[in-house]
Amino acid sequence: QVHLVESGGGLVQPGGSLRLSCAASGLNLYDHTMAWFRQSPGKEREVIGCISSSDGTTYYPDSMKGRVTISTDNAKNTVYLEMKDVKPEDMARYYCAASVVVVPYRWWSKGEYDYWGQGTLVTVAS
């Protein structure tokens, strides 16, 4: 059984940075594409980016480029999200997701992902 467990959420000050972790069990990161999404109340779940765990290639939407970094530690079966210059609009629940497809064609679409964590809440306030 696959489990994705996110951690690291909490209160972040505007202009600060955050680092989230996603510990995976029941699957081998090396064989999956791992992604981070987020969702705030009343909004659609949006992609932050994804990583092909086999070769480390990352994909980010233009809105996130330069501000986020996704990485993996395959030995720990863990995916990380780092974000800098956090803004109030970054406040959301952040989700880790896994796809059995090596870099889905529509990697930005939540429908391409087979497994999801429960999410970790990030609050942005001074």
Side-chain angles (χ1 to χ4, degrees):
Q1 192 171 4
V2 174
H3 289 286
L4 303 176
V5 181
E6 302 93 338
S7 61
L11 181 64
V12 183
Q13 291 191 341
S17 60
L18 63 83
R19 186 174 192 249
L20 306 180
S21 301
C22 171
S25 60
L27 62 76
N28 188 337
L29 286 192
Y30 191 84
D31 299 322
H32 294 75
T33 294
M34 304 300 297
W36 285 94
F37 285 76
R38 69 183 182 187
Q39 188 170 20
S40 45
K43 292 189 176 181
E44 290 288 320
R45 191 168 296 192
E46 64 171 342
V47 70
I48 299 170
C50 71
I51 184 168
S52 171
S53 302
S54 60
D55 64 6
T57 303
T58 51
Y59 301 80
Y60 305 109
D62 289 343
S63 59
M64 296 293 173
K65 286 179 181 176
R67 209 160 64 88
V68 300
T69 302
I70 296 175
S71 60
T72 62
D73 184 332
N74 288 350
K76 295 183 178 179
N77 232 32
T78 299
V79 188
Y80 303 98
L81 168 66
E82 295 179 86
M83 179 182 288
K84 60 183 180 182
D85 190 24
V86 173
K87 307 174 189 304
E89 53 263 38
D90 293 320
M91 185 162 65
R93 180 167 290 274
Y94 284 70
Y95 296 89
C96 175
S99 171
V100 300
V101 177
V102 177
V103 189
Y105 178 69
R106 290 167 50 88
W107 56 266
W108 59 88
S109 172
K110 59 183 182 293
E112 296 287 344
Y113 294 87
D114 305 286
Y115 305 104
W116 291 84
Q118 293 299 307
T120 185
L121 185 63
V122 171
T123 300
V124 181
S126 54

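Predicted, not measured: the structure shown is a model, and the values here were computed from it.
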Subject >> side chain to side chain contact (heavy atoms under 4.5 Å, CB included), paired with His32, selected from Val2, Val79, Leu27 >> reply: Leu27
Original post:
Of Thr58, Asp85, Leu81, Leu18, which is the lone residue that meets side chain to side chain contact (heavy atoms under 4.5 Å, CB included) with Val68?
Top reply: Leu81
Heavy-atom side-chain proximity of [X] to [Y] below 4.5 angstrom:
X: Asn77; Y: Asn28; value: yes
X: Glu6; Y: Tyr94; value: no
X: Phe37; Y: Glu46; value: no
X: Val100; Y: Asp31; value: no
X: Trp116; Y: Leu4; value: no

Side-chain donor/acceptor of [X] to backbone N/O of [Y], under 3.5 Å:
X: Ser53; Y: Leu29; value: yes
X: Thr78; Y: Asp73; value: no
X: Arg19; Y: Glu82; value: no
X: Ser99; Y: Tyr113; value: no
X: Thr33; Y: Val103; value: yes

Least distance between heavy atoms, [X] atom then [Y] atom:
X: Trp36; Y: Cys22; value: CZ2-CB, 3.7 Å
X: Cys96; Y: Met34; value: SG-CE, 3.8 Å
X: Thr120; Y: Gly9; value: OG1-N, 3.1 Å
X: Pro14; Y: Ser126; value: CD-N, 3.7 Å
X: Trp107; Y: Gly49; value: CZ3-CA, 4.4 Å

Original post:
So, do Trp108 and Tyr59 have ring centers that fall under 6.0 Å from each other?
Top reply: no
Subject >> side chain to side chain contact (heavy atoms under 4.5 Å, CB included) evaluation trace for Val102 with Ser52 >> reply: CA-CA 6 Å; Val102 177; Ser52 171; 4.0 Å; yes
Original post:
Are Arg38 and Tyr95 in a cation-pi contact, defined as NZ or CZ under 6.0 Å from the six-membered ring centre and within 45° of the axis?
Top reply: no
**OP:** Taking atom CD of Gln118 as the centre, report whether more than 12 heavy atoms of other residues, nucleotides or ligands fall under 6.0 Å from it.
**Re:** no
Original post:
Take atom CD in Glu89; do more than 12 heavy atoms of anything else shown fall under 6.0 Å from it?
Top reply: yes
Subject >> Distance in Å, Ser40 OG paired with Arg45 CZ, rounded so as to fall on 0.5 Å steps >> reply: 11.0 Å
**OP:** Flag the pair Lys65 and Asp62 as a salt bridge only when some basic side-chain nitrogen lies within less than 4.0 angstrom of an acidic carboxylate oxygen.
**Re:** yes
Subject >> Ion pair check, Asp90 and Arg67, cut-off under 4.0 Å >> reply: yes
**OP:** Group every Ile, Leu, Val, Met, Phe, Trp and Tyr by side-chain heavy-atom contacts under 4.5 Å, then state whether Met64 and Val47 land in the same group.
**Re:** no
Original post:
Does one hydrophobic cluster hold both Ile70 and Leu20, with members joined at side-chain heavy-atom distances below 4.5 Å?
Top reply: yes
**OP:** Evaluate the criterion side chain to side chain contact (heavy atoms under 4.5 Å, CB included) for residue pair Arg93 and Gln39; output intermediate values, then yes/no.
**Re:** CA-CA 5 Å; Arg93 180 167 290 274; Gln39 188 170 20; 5.5 Å; no
